[in-house]
Number of protein chains: 2
Amino acid sequence: MPLTLKDIAKIAGVAESTVSRAINNKPGVGAQTREKIMEIVREHNYQPNQLAQGLAKRETHLLALIVADLTGPGYSEIIKSMEKTANQAGYQLIICNTDNNLAKEKTYLNLVGQHRVDGAIILGGTLANNNIMKLALNQDELLVLVNCLAEEVLIPTVLVDNARGGYLATVHLLEQGLEKIALVMGPANDFLESEKLNGYQQALADYNIPFREQLIIKTNLSREGGYNAFFRVMKIDELPDGFFVTNDLLAIGLTEAIKMGGYLIPGDFAVVGYGDSIISAVINPALTVVAEPLQQLGRLAAEYIIKLINDQAIEEVIRVLEPELIIRESSSP
Amino acid sequence: MPLTLKDIAKIAGVAESTVSRAINNKPGVGAQTREKIMEIVREHNYQPNQLAQGLAKRETHLLALIVADLTGPGYSEIIKSMEKTANQAGYQLIICNTDNNLAKEKTYLNLVGQHRVDGAIILGGTLANNNIMKLALNQDELLVLVNCLAEEVLIPTVLVDNARGGYLATVHLLEQGLEKIALVMGPANDFLESEKLNGYQQALADYNIPFREQLIIKTNLSREGGYNAFFRVMKIDELPDGFFVTNDLLAIGLTEAIKMGGYLIPGDFAVVGYGDSIISAVINPALTVVAEPLQQLGRLAAEYIIKLINDQAIEEVIRVLEPELIIRESSSP
DNA sequence: TTGTAAGCGTTATCAA
DNA sequence: TTGATAACGCTTACAA
């Protein structure tokens with residue numbers, strides 16, 4: 001059973017309030033008394049009970065990290081940097097993996113409502129907008145969104161400019177002299193995916209290349225999806241000369257299919273992927289990719305929620321980060 | 001400001017203690033009263049303040065997940081399953097990324113001491129045995145170890161039989177008719193790595209193949225490490241015919257080096273890796289690997305710590321899980 | 001500068 | 001079956 005503040009007060013022969021002031025570096029304690037108290041605190045390695053502190057101050061120093069699937073691409077990196085930033089400010093992150101399960105998501109959002117946590121960060125995933133809207137509007141709960149976007153309601157958000165990413169990838173391929181660029185992407189109802197499509201279209205427009213619906217392959221974000229996408233595209237009348245793939249798994253499948261078909265990358269088809277995971281470097285040839293600033297994403301999200309908690313102003317409510325093109329072998333002639 | 005138990009009591013016209021009994025399904029409340037109270041609870045969507053509950057009951061329903069590096073191989077999968085199990089039992093996981101920083105590790109272990117969490121799970125990493133020993137011995141703190149092992153002190157542990165993994169990999173190569181099997185591994189002071197070496201040696205012994213120190217390449221767990229390992233091994237007098245690589249990154253580097261040298265896998269060199277990540281399937285040719293039961297690892301760890309918290313007996317204090325060999329192209333003739 | 005005492009929202013003990 | 005009331009460990013007016 002650890003020592004309590006009361007114990008320390010007794011040992012020091014002062015009142016509890018004096019000890020409280022001393023350990024919280026608050027004014028109103030004589031230098032002598034303060035030193036004496038701190039001495040005892042050190043000696044006994046006293047640690048305040050944060051539960052009691054939380055109850056009295058009505059704060060937990062806990063943050064909920066709500067994520068649909070912890071194993072998502074780049075999430076470890078994002079979370080690591082998030083945790084680091086939060087920790088430096090004295091906050092801890094609670095893992096809330098919703099498994100895309102609406103009931104679980106609701107339960108977790110409730111943590112915020114119950115004042116179990118001081119705020120929540122929602123990372124990626126399709127948003128159950130209703131839940132979030134309720135939370136954000138009806139109550140004064142603190143939320144930050146990362147790599148996803150809420151409709152109809154303004155919530156502080158940090159995300160990567162996926163349209164820009166799509167634009168960069170497509171322009172890069174166009175600059176290689178290619179004109180028939182296929183886009184292999186996930187479901188278009190996913191906001192992140194549709195943004196990449198927008199960027200793709202914008203690039204074509206800027207280069208006066210007509211948009212062809214046939215070249216857009218929407219599939220599920222899996223290896224098989226990528227694999228089949230290639231053979232689907234090979235059935236159209238005019239074959240593509242390059243591919244922009246919006247996801248790692250898709251890229252794996254696609255490149256396998258290309259090789260399986262006896263074609264060369266980038267000789268027959270140039271390929272640009274999305275997300276700079278280890279996978280893109282392992283794929284042969286090494287994949288040119290649009291890289292997202294994962295660490296920055298995590299850090300900013302943590303900074304945002306902590307600012308919110310401390311009633312500090314946030315410069316940009318929707319903070320958009322720039323992706324970067326990393327050129328490797330799969331796209332150079 | 002959410003409703004409190006007091007508010008409910010006032011509305012129901014009963015004492016707080018009665019409400020407490022009712023919502024906690026405790027005996028000593030008349031059926032009528034109970035129903036009336038629960039009605040009001042539902043109507044107002046009352047949620048008990050868990051901080052206050054924790055203070056009164058001296059439990060937080062929080063678990064610390066202490067990990068050296070969140071981005072470790074397979075950790076997402078382990079953690080996901082851990083979180084699921086914990087959550088089903090009403091516990092939440094707090095992320096504690098130590099960054100291999102002893103000071104941070106100490107701080108985090110303190111969470112347990114401060115009764116900020118009910119228990120802690122330590123996942124992988126080199127152990128600062130001193131810290132843990134103190135915690136486990138001096139105080140009655142609750143700890144579970146996953147994929148690491150404490151010396152000198154008995155702490156409930158869940159881990160994969162890495163010696164068995166090394167054995168399986170080596171025997172598989174031997175069964176292919178190979179006799180000169182090189183082992184590319186990380187630093188031998190890492191318990192997990194040295195276990196794999198043990199398994200390797202046992203396999204050789206069982207097949208009456210002499211152990212040759214030359215064939216053991218110890219390097220850092222990186223892509224470059226794997227790459228250089230190949231060229232180091234090519235300098236010895238009698239070349240190997242197969243490789244057992246204990247890590248994904250090493251495998252990437254090694255296969256690159258083999259191809260760079262103009263050799264074929266498995267024609268010239270068979271390769272077996274460790275850990276069934278997506279990477280092993282991407283490497284060309286697809287890698288035969290020793291796969292670890294990641295989900296089981298996470299689930300059991302959570303179950304263990306919860307049992308510990310509830311004073312339930314644990315069947316095996318050190319629970320050893322079996323790895324499994326997944327045969328792909330890199331090792332078949 | 002220091003102490004007293006009332007909260008924070010529960011649970012638990014003991015009477016009634 | 002119920003209700004007061006004292007904890008739990010800390011913060012914070014308000015007094016002294």
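Just so we're on the same page: letters track the sequence lines, and every chain starts at 1.
- Using a 4.0 Å cut-off, no side-chain N or O of Tyr46(A) falls inside it from OP1 or OP2 of dG9(D).
- You'll find that the side chain of Ala52(B) is closest to dG9(C), out of dG9(C), dT2(D), dT4(C).
- One atom, CD of Glu16(B), and another, P of dC8(D), lie 17 Å apart when rounded to the nearest Å.
- Distance Lys26(A) NZ to dT11(D) C1': 7 Å, rounded to the nearest Å.
- Remark on DNA chain D: of its neighbouring residues Thr33(B) and Asn49(A), the 5'-side contact belongs to Thr33(B), judged by nearest-heavy-atom nucleotide.
- Distance from the side chain of Leu55(B) is smallest to dG9(D) among dT2(C), dT11(C), dG9(D).
- Nucleic acid contact class of Ser20(A) (heavy atoms, under 4.0 Å, all strands): base.
- Taking for each of Gln47(B) and Arg34(A) the nucleotide of DNA chain C with the nearest heavy atom, the 5'-most of the two is the partner of Arg34(A).
- Taking only side-chain nitrogens and oxygens, Thr18(B) comes nearer than 4.0 Å to OP1 or OP2 of dG3(D).
- The separation between Leu51(A) atom CG and dT11(C) atom P is 13 Å, rounded to whole Å.
- One finds the CD1 atom of Ile66(A) at 11.5 Å from the NZ atom of Lys104(A) (value rounded to the nearest 0.5 Å).
- Distance Gln53(B) CD to dC8(C) C1': 14 Å, rounded to the nearest Å.
- Of the candidate nucleotides dT13(C), dT11(D), dT10(C), dT13(C) has the atom lying nearest to any side-chain atom of Arg21(B).
- Between the P atom of dG9(C) and the NE2 atom of His44(B) lies a distance of 16 Å, rounded to the nearest Å.
- Backbone-only contact: Gly30(B) has heavy atoms under 4.0 Å from sugar-phosphate atoms and none from a base.
- Note: NZ (Lys6(A)) to P (dT4(C)) measures 13 Å, nearest angstrom.
- A salt bridge links Arg42(B) to Glu35(B): one of the charged nitrogens lies within less than 4.0 Å of a carboxylate oxygen.
- Asn87(B) and Tyr108(A) are linked by a side-chain donor-acceptor pair at a separation below 3.5 angstrom, with hydrogens and angles left out of the test.
- Protein atom CD1 of Ile23(B) is 8 Å distant from nucleotide atom C1' of dT10(C), rounded to whole Å.
- Side chain Ser17(A) to base dT4(C): a donor-acceptor pair is found below 3.5 Å.
- With salt bridges taken as basic N to acidic carboxylate O contacts below 4.0 Å, none links Glu16(B) and Arg21(B).
- Of the candidate nucleotides dA4(D), dT12(D), dT11(D), dA4(D) has the atom nearest to the side chain of Ala15(B).
- For Asn24(B), whose side chain is taken as the heavy atoms from C-beta onward, the closest listed nucleotide among dT11(C), dT12(D), dG9(D) is dT11(C).
- Within 6.0 Å of NZ in Lys84(B) there are 12 or fewer heavy atoms belonging to other residues, nucleotides or ligands.
- Taking OH of Tyr304(A) as the start and CD of Gln312(A) as the end, the distance is 12.5 Å to the nearest 0.5 Å.
- For Arg58(A) against dG7(C), a side-chain-to-base donor-acceptor contact under 3.5 Å is absent.
- In this structure, His61(A) places its NE2 atom 11 Å from P of dT11(D), rounding to the nearest Å.
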